[in-house]
Amino acid sequence: MSWQTIQGTVNSQDGGVSPAPPRIDAPAAQQPAGRRGPFSGLSGSRQQQLAGWLFLAPAILYVLFAFATPIVYNVVLSFEHDSLSTIGSISAPWAGLSNYTAMFNDPIAKSAIVHTLIFTVGSLVGQFIIGLSLALLFSTRFPGRTVARSLVIVPWLVPLIVTGVMFRFMFQQEGGAINQVLVGTGLVHNPVDWLGTTNYALLTVTIANIWLGVPFFTLLLYSALQEVPAEVKEAAMIDGASAWQRLRLVTIPIILPVIEITVLLGFVFTVKVFDLVIGMTGGGPANATQLISTWSYALGFQQFNFGEAAALNNVLLVAALVCSPLYLFLSRDQLRRSSGAAR
Amino acid sequence: MATLALEQVTKVFPNGAEAVHGFDLVVNEGEFVVLVGPSGCGKTTALRMVAGLEEVTSGTISLGGKVVNDISARDRDVAMVFQNYALYPHLTVLDNIAFSLRVRGISKHERRQKAQEAADVLGLTEVCLRKPAQLSGGQRQRVAMGRALVREPAVFLMDEPLSNLDANLRVQMRSEVLRVQRHLGVAALYVTHDQTEAMTMGDRVAVLRDGTLQQLATPLELYESPANLFVASFIGSPPMNLYEAEISGPATELVLSLGSQRLALPADSGHRSPDLVGSKARKLVVGIRPEHLTIAAGVSTDRQTTLAARVELVEILGNESLVHYSTDARTVRNRAGVWTADATVQGEIAGATAAQGVARVDPRVPVMAGDRVTLAVDVGRMSFFDAETGDAIGATARVGIPPQTEPENQGPTQKLGA
Amino acid sequence: MSFLQKKTAVRWLSTLVAFTAVAIMLFPIYSIIVASFESTVTLFSTNFHFFPYHPTLANYKTVVLGTQSGPAGSVTTTGSQLGNVLTSLEIALGTTLLTLVISVPAAYALAKYRMRTTIFFIGALLLAQIVPSIVLATSLFAILLKVHLVNTLPGVIIADGTYAVPFGILVLRAFMFSLPNELMHSARVDGASEWQTFRMIVIPLARSAIVTVAVFAFLAGWGDFIFALTTLNGASFEPITLGIYSFLGNYQANWGAVMAAGVVALVPASVLLVIAQRYIATGLTAGAVKG
């Protein structure tokens, strides 16, 4: 099973194509229905073009409403002075770049950017190492591996806010499982205040996020490892490569494309993280775990400073979109298939 | 019930590729016409245009006198069997057969009954509640035909329907397909790349090459008088032996020169084909079917009607033997669409590794690789082609071919369930 | 030790390591399940009990009834989580429905109709997947406010669709793309309209991919917190994720109840894991979504 699981082989013949340009003037709300559709009078390809657009219409409307408009509106907001009373109207006063200057002069916003960076890089490193290890482990044959493999995806199914609560509970200073184990095994003498001190809080939320991302990395890398032909590894073995050499010189290069896209998606997901931190620390203590997402929420929905929140959001959006060319490049298979679509 | 007519049908894809060029074809009611040609010749595109799956760039397609260019596939009332059958994998055999009735709003009772009848006719009674995945290749093929059978369509289209079957089954299914078509009694258009299939099944056969119709004729006509070099080499297995030749002599004593060898044509050749006389001292291509060569016992008689050859390989098939030989003549081959004589053998003497050919001979004639033999040519049944255009010259050397006739309506009256 | 014995030993060692890793991975979940059955007094002791200490259903009672006695005799009143579970179900099912209604036909159009915009739309969907939810949340709040959908179920469902719609279209499109074109052509020749072809051929054939997308949309709607938090902040109802967050606000008094509510929030995921594990794994590897 490749990581783009469901995509199968294609069976297109002669590349049957209609030369007619797409027609946009289709009535959008109407769905073809009934025994003999409403377009019986149209020629074959017109009819199909129209049907295609009708099938696509709800998605276009939705993407416009739920993605395009908010993103554009976010840019507008970032140049306005908005409060709770003006956010629903269009009459907010123009703010110029003041939201952006405010943001860059806001020590919390600046530290949020730094925290997001540390949090993201730390999470990715941890997720990748653990995910790859587990994927390699699951690629070997051992009793019970199917059960183990299916259990490993469980953390991913937990609502994020519950994950936050779980880790908050485990990392409690008093009565937390982590401290109990650490003290019990003598690794530390006194219980550590994981979430209450600025030194440890960011590390703790990063650990929680690693836990969250491991199933994703494990499953994707595992799928990729399944695709590595056994003969190649066997050939390397006969050539005298050690297990580590086989991994480094044969396996990893072969699954590199999947590693790239997995890390990239992992980056995108991690940059977005919100619920987990809200559930664990709410951004505290003393903003030590404030991320761009959480601080943007606090600015907008708690301080009703929607302008600066929007400015910060745009930083986050840019961070996420910076990798979009790379992402599109790595997803070129999906895109290439689209150009091969036949009627 | 209708006659299918294509008039100057042309298909140009958006990328500029011309798949079909000025194609004219009439298929009469009850007639079975086969479109044959190498892959990429446009035969499938032509069929898909008739089905309405492909738009016609120019020209008209009409069914029963009504132009259907702008009528969508669903409204054309055609039935089609696809190469991979395109059975709906989630439906049972009966539901597959009844699908077209279902979308036309025919009552459940009626479509069950009709589908069951079709299944019975095709010998699918035992498997009619199975899904396609549980069927054998032959059964799937029958289901695909059942979908047409239940329809009583205006025209019956088939796109290489037998190509996914193994050789034995394919032969068996040929007659099944014909039976279904006779049942339907409608115009049928059948696409294949297999010339044997074309010859054995078609009332008439249309040979296509690079989107252009080469010849439309009955199988026998196609075999006996190919319109051009392409048809000559495409129809027949093993193919016709084609050599560069020159013609000379007076009209009553025409002599053909192949390399250093001479063949005397029958005395009436010039009379029956004045074109051949006009070709005098001109290069042309002569075509000799393998079965028109026999291994002569001794040295030839007074008239020159033999070729000296060396046996390269003998394929013993039991009922006949195929003798692969080389002779002093220049073989004509199709090189990238251009007909050229084989340059490498120029000036070489007989017996060298010169031009290749195949003779279909009696298996009892003892012959072995390396033997030098004399091949007697049935000089009355040779074909001649213009070396430059590749077109056939006259109908000279051929005998007993009636002029082209409109095929009669088979007038099938037997109807499904009647 | 023979080669074979050694190999067997290595295998069992792998089993041991794998299950240890799985145990560590699952421990946080285990810990809240255990904690949800502990009394508040136990939870406030300095010791964590790895096994149930004094099992009690008191926390679940709180979750169901909505009131409980705090420490030192104080009584804190909170809403019953039962209504919240219902709200969450409504949101999750609504998100599923919205996602399917939008993505199934769109995926078909993008997979099987030749349109020049296809490549742009797919690119847009790939990009839409990487837009952080908080970015959408701020402006969606403003937009929903304008169209009077703030604090309504449709509002939060539309917002939650942003998790699943792009994913759904891409996954379904990839699947439908692999369906042979001949099936659609055959249906057309058989006289089916475009809509009939879609309804009678495409939907039945894409069933497994549709289930995958439905499962994901459901989990996205069920687990959503950020859009509930931003678009339902003045609503008379809240999903369980918000309910847990509210408990958390005064968690000093409600640790046990938070745990129990958290366990309740795990139920649908667990049920789906059991009945639709195949689809979850498929969807996860299909590449794009993580809560």
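Heavy-atom basis, side chains included; hydrogens, waters and symmetry copies ignored. Residue numbers begin at 1 in each chain, while the letters A, B, ... track the order of the sequences.
- Only the backbone of B:Leu87 comes within contact range of chain C, with heavy atoms under 4.5 Å apart.
- The neighbour count for B:Glu7 CD, taken as heavy atoms of other residues, nucleotides or ligands under 6.0 Å away, does not exceed 12.
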Item to complete: Given side-chain contact (heavy atoms from CB on, under 4.5 Å), test B:Gln83 with C:Glu182 step by step and report yes or no.
Response: CA-CA 9 Å; B:Gln83 183 171 6; C:Glu182 281 78 3; over 6 Å; no

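- Within 6.0 Å of atom CZ in B:Arg174, more than 12 heavy atoms from other residues, nucleotides or ligands are found, so the atom counts as buried in its surroundings.
- Considering only heavy atoms from C-beta on, B:Pro153 stays 4.5 Å or farther from C:Val189 through its side chain.
- Looking only at side-chain heavy atoms (C-beta outward), C:His185 and B:Met80 stay at 4.5 Å or farther from each other.
- Proximity of C:Ile201 to B:His90: side-chain heavy atoms (C-beta onward) are separated by under 4.5 Å at one or more points.
- Side-chain contact, C:Ser186 with B:Arg147: a donor N or O sits under 3.5 Å from an acceptor N or O.
- Interatomic distance, CG of C:Asn181 versus CG of B:Leu53, reported as 10.5 Å (0.5 Å rounding).
- Each of C:Met200, C:Arg199, C:Arg188 was compared with B:Val103 under the side chain to side chain contact (heavy atoms under 4.5 Å, CB included) criterion, and only C:Met200 meets it.
- Here B:Ser100 is the residue among B:Ala144, B:Ala148, B:Ser100 with the most heavy-atom pairs under 4.5 Å with chain C.
- Under a 4.0 Å N-O distance rule, the pair B:Arg151/C:Asp190 qualifies as a salt bridge.
- Between the side chain of B:Tyr88 and the main chain of C:Leu205, no donor-acceptor pair closer than 3.5 Å is present.
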